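If you read the sequence from its start, that first residue is 1, and numbering goes on from there. What you see is a predicted model; the values in this text were computed from it and never measured. Side-chain atoms are counted along with the backbone in the values below, which use heavy atoms only and exclude waters and symmetry mates.
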Amino acid sequence: MLFSILPVEQIFLIVGVLLAASVLASQLTNRFGIPSLLIFLVIGMLAGTDGIGNIEFDHPRLATYIGEAALTVIIFSGGLDTEWQKIRSVLKSGFGLSTVGVAISVFLVGTFAWLILGSFSQFKIGGDGISWGQGLLLGAIISSTDAAAVFSVLRASPTHLPTKLQGLLELESGTNDPIAVLLTTSILQVLLAGNFSLGTFIGRLLLSIGVAIALGYGSGRLMAWSLTHLRLYAQGLYPVFLLALVYETSGITTLLGGSAVLAVYIAGAVLGNRSFVASDIILSFQDSITWLAQILMFLTFGLLVVPAHLPAVAGVGTAIALFLIFVARPLSVFITLSLSKWEWKEKLFISWVGLRGSVPIILSILPLNQQMNQADELFYVVFYVVLVSISLQGLTLLPMAKMLGLLAPSPKV
């Protein structure tokens with residue numbers, strides 16, 4: 001059945017069942033340590049074309065809109081919960097991982113993908129190899145750690161990391177998207193039109209980050225001022241008004257050429273470190289809407305995938321995922337932090353918390369929207385890598401932290 005032509009009452013029923021199933025299944029997170037994001041993805045896949053729900057959802061552009069809208073809420077909530085004292089001492093390391101670390105990861109993964117897909121017939125997509133540019137595109141798409149995944153796993157899991165270490169992980173995941181997005185769009189532009197300018201790329205990167213920092217900081221101050229000075233007659237209107245400001249910040253930043261993700265994260269961090277009116281109801285609302293955003297986003301991605309297509313990319317996806325997890329990510333971390341004072345076991349754990357999630361999936365939809373050659377296969381490779389990352393790394397965070405002796409002596413409050 002086609003999801004787009006169902007009667008509204010059936011759509012309501014389907015959405016209600018999927019939301020309820022996701023909420024109930026999320027209890028597995030606390031009981032067995034299964035990442036909630038993985039649960040939501042699986043439920044979406046089970047409800048899709050090849051699953052028991054038999055829902056046909058072939059709308060990549062709509063999935064992109066839903067993903068970006070949900071990610072905006074998730075990133076803002078992550079910034080809102082970020083304490084300045086937690087990230088102040090790790091700014092240099094965090095931005096190093098967000099820039100140099102991403103660039104190293106793109107080069108390593110892109111080159112590896114080009115080599116195996118071009119040299120070994122058992123790994124070729126659809127029987128064809130790929131160019132180095134296509135390999136770099138794949139590397140750029142999966143280069144950044146995902147804030148939605150990192151925030152969700154770190155804060156929902158029983159791991160209680162030292163404040164400085166958790167601050168670095170959250171800062172990196174909240175700030176490494178601009179260069180990943182710019183690398184992806186720039187490489188895609190080269191593949192489609194054949195033109196690239198290093199100067200233009202650097203200029204766009206600096207503009208993206210500069211606009212995001214300026215608007216993010218200004219928006220955070222404006223949010224704090226507005227919530228303090230406005231006198232709304234109902235307490236429930238404060239979080240709604242704040243949500244409007246969040247989306248305005250995202251939209252204006254994008255129109256001015258900045259990174260909306262970074263701007264929203266900074267705005268949340270600025271507001272979260274100030275006192276404001278109706279803070280209790282706002283924080284409660286943000287917690288609920290963040291969970292809703294995560295569920296809707298990953299359910300949508302699960303629905304978009306046809307599971308029958310995954311076995312065809314299993315060899316490619318497994319090879320790239322394992323190279324990313326065990327080679328590219330550790331090398332990028334150890335090289336970037338080589339001059340820092342982080343201990344080797346902390347660097348090792350930072351390497352392990354390189355979860356991929358919503359941002360790579362959203363970026364992998366861009367070639368689909370542009371109807372690029374092998375875009376479908378690329379999408380499924382990225383989706384497979386995300387599944388492996390969330391499953392392998394997300395399920396083993398606590399054992400890894402215990403093994404390295406990195407658990408904080410007291411639980412988070």
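- Distance CG/Leu165 to CD1/Ile350: 5.5 Å, rounded to 0.5 Å.
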### Task
Tell me, with the steps shown, if Val73 and Tyr247 meet side-chain contact (heavy atoms from CB on, under 4.5 Å).
CA-CA 8 Å; Val73 171; Tyr247 279 112; 3.2 Å; yes
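- Looking at every heavy atom in both residues, Ser143 comes nearest to Val106 through CB-CG2, 3.3 Å.
- Of the possible polar contacts, one joining the Ser26 side chain to the Val23 backbone as a donor-acceptor pair under 3.5 Å is found.
- Pairing each heavy atom of Gly167 with each of Val90, the nearest pair is C-CG2, 4.1 Å.
- Taking CG of Leu366 as the start and CZ of Arg61 as the end, the distance is 9.5 Å to the nearest 0.5 Å.
- Taking the six-membered ring for Trp and thresholds of 30 and 60 degrees, His59 and Phe57 have ring planes more than 60 degrees apart, a perpendicular arrangement.
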### Query
Could you walk me through whether Leu192 and Met372 pass the side-chain contact (heavy atoms from CB on, under 4.5 Å) check?
CA-CA 7 Å; Leu192 294 175; Met372 191 186 83; 4.0 Å; yes
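- Here the CG-CG distance, from Leu38 to Leu395, works out to 6.5 Å after rounding to the nearest 0.5 Å.
- When side chains are defined from C-beta on, Ser259 does not count as touching Val181, because their heavy atoms never get closer than 4.5 Å.
- Note on Glu172 versus Arg329: salt bridge recorded, some NZ/NE/NH1/NH2 to OD/OE distance being below 4.0 Å.
- At distances below 3.5 Å, at least one donor-acceptor pair connects side-chain atoms of Thr336 with backbone N or O atoms of Ser332.
- Rounded to the nearest 0.5 Å, atoms CG (Leu19) and CG (Leu24) are 11.0 Å apart.
- Side chain of Ser338 to main chain of Ile335: a donor-acceptor pair is present (N/O by atom type, distance under 3.5 Å, no hydrogens or angles).
- Gln134 has its side chain out of reach of Trp114: every pair of non-hydrogen atoms, C-beta onward, lies at least 4.5 Å apart.
- From Trp342, atom CH2 reaches atom OG of Ser93 across 6.0 Å, with rounding to the nearest 0.5 Å.
- Distance alone, capped at 3.5 Å, is enough to place a donor-acceptor pair between the Asn273 side chain and the Ala269 backbone.
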### Message
Between Leu108 and Val327, is the side-chain contact (heavy atoms from CB on, under 4.5 Å) condition met? List the steps.
### Response
CA-CA 9 Å; Leu108 292 175; Val327 180; 5.5 Å; no
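- Looking at heavy atoms from C-beta onward, Leu37 lies out of side-chain contact with Leu355 at the 4.5 angstrom threshold.
- Closest approach of Ala267 to Met223, counting heavy atoms only: CB-CE, 4.1 Å.
- For the pair Ser284 (side chain) and Asp280 (backbone), a donor-acceptor distance under 3.5 Å is absent.
- Here Gln294 contributes atom CD and Ile74 contributes atom CD1; the two are 4.5 Å apart, rounded to the nearest 0.5 Å.
- Of the possible polar contacts, one joining the Tyr238 side chain to the Leu230 backbone as a donor-acceptor pair under 3.5 Å is found.
- Screening Ile320, Thr184, Val381, Ile361 for a side-chain contact (heavy atoms from CB on, under 4.5 Å) involving Ile142 leaves a single residue, Ile320.
- Tyr265 places no side-chain N or O within donor-acceptor distance of the main-chain N or O of Thr72, the cut-off being under 3.5 Å.
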### Task
Check the pair Trp84, Val270 against side-chain contact (heavy atoms from CB on, under 4.5 Å), reporting the backbone distance first and the verdict last.
CA-CA 8 Å; Trp84 172 247; Val270 171; over 6 Å; no
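- Across Val386 and Pro360, no two heavy atoms sit closer than the pair CG2-CB, 4.1 Å.
- With contacts defined as side-chain heavy-atom distances shorter than 4.5 Å, the pair Thr64/Glu68 qualifies.
- Listed by chain and number, the residues in a ring-ring contact (aromatic ring centres under 6.0 Å, His included) with Phe326 are Trp352 (sequence neighbours excluded).
- A donor-acceptor pair shorter than 3.5 Å cannot be found between the side chains of Asn54 and Thr49.
- In this structure, the side chains of Phe383 and Leu41 come closer than 4.5 Å at one or more pairs of heavy atoms.
- Under the 4.5 Å side-chain criterion, counting only non-hydrogen atoms from C-beta, Ile266 is not in contact with Leu215.
- Around atom CG of Leu339, no more than 12 heavy atoms belonging to other residues, nucleotides or ligands sit under 6.0 Å away.
- Within a 6.0 Å sphere centred on CG of Asp58, other residues, nucleotides and ligands contribute 12 heavy atoms or fewer.
- The shortest side-chain heavy-atom distance between Leu296 and Phe40 does not fall under the 4.5 Å cut-off.
- Contact of the Phe76 side chain with the Leu242 side chain is registered, since non-hydrogen atoms from C-beta on lie closer than 4.5 Å.
- Panel note: side chain Ser389, backbone Val385; no donor-acceptor pair is recorded below 3.5 Å.
- Under 3.5 Å, the side chains of Tyr384 and Thr318 contain a donor-acceptor pair of N or O atoms.
- Scanning all heavy atoms of the two residues, the minimum distance from Ile187 to Gly133 falls at CG2-O, 3.5 Å.
- Side-chain contact of Gln286 with Ser77: a donor-acceptor pair under 3.5 Å is present, judged by distance alone.
- Arg274 approaches Tyr217 most closely through the heavy-atom pair NH2-OH, 4.1 Å.
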